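Heads up: the structure comes next, in structure tokens.
The residues of the chain are indexed from 1 along the displayed sequence. Since the structure is predicted, the reported quantities are computational estimates derived from the model, not experimental observations.
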Amino acid sequence: SVETPTHSWVPSPVMAEILGIHRQTLLRLRRSNFSPFVEGRDFRWSGMTTNSNLQWHVATTESTFTNARRMPAAELETFGAVTR
């Protein structure tokens, strides 16, 4: 069990652990067309370049995740689709 950090913004692995989900699941949720997460409220980039890492606001992300509507599994689990 992870203790909630004292600062507001944390990296993806810490946020995923707080939510009790895998880091890749958190990132897929963020990229989804049905994503409940909003840039500037739930997440931000640590720098101004495309190489920047994501940072998550603990309180708003936890609230957004808890109150989000469920989405179809096919929309999230894109790893199952194989291109031939």
*asked:* Tell me whether S35 contacts the main-chain N or O of L29 through its side chain, where contact means a donor paired with an acceptor under 3.5 Å.
replied: yes
*From I18 atom CD1 to T61 atom OG1, the distance as rounded to the nearest 0.5 Å*: 9.0 Å
_Let me confirm one number: the CG-CZ distance from L26 to F37, rounded to the nearest 0.5 Å._
5.5 Å
*Verify, without hydrogens or angle tests, whether S46 (side chain) and N53 (backbone) share a donor-acceptor contact under 3.5 angstrom.*
yes
*asked:* Hydrophobic clusters here meaning ILVMFWY residues chained together by side-chain heavy-atom distances under 4.5 Å, can you tell me if V38 and V10 are in one?
replied: no
*asked:* Working to the nearest 0.5 angstrom, can you tell me the gap between E39 CD and R41 CZ?
replied: 12.0 Å
*CD1/I21 to CG/L27 distance, rounded to the nearest 0.5 angstrom?*
8.5 Å
*Gap separating the CE atom of M15 from the CD atom of Q55, nearest 0.5 angstrom*: 13.0 Å
*asked:* I'd like to know if the side chain of S63 and the backbone of A59 have a donor-acceptor N/O pair within less than 3.5 Å.
replied: no
*Minimum heavy-atom distance between R23 and S12, given as atom pair plus value*: CG-CB, 4.1 Å
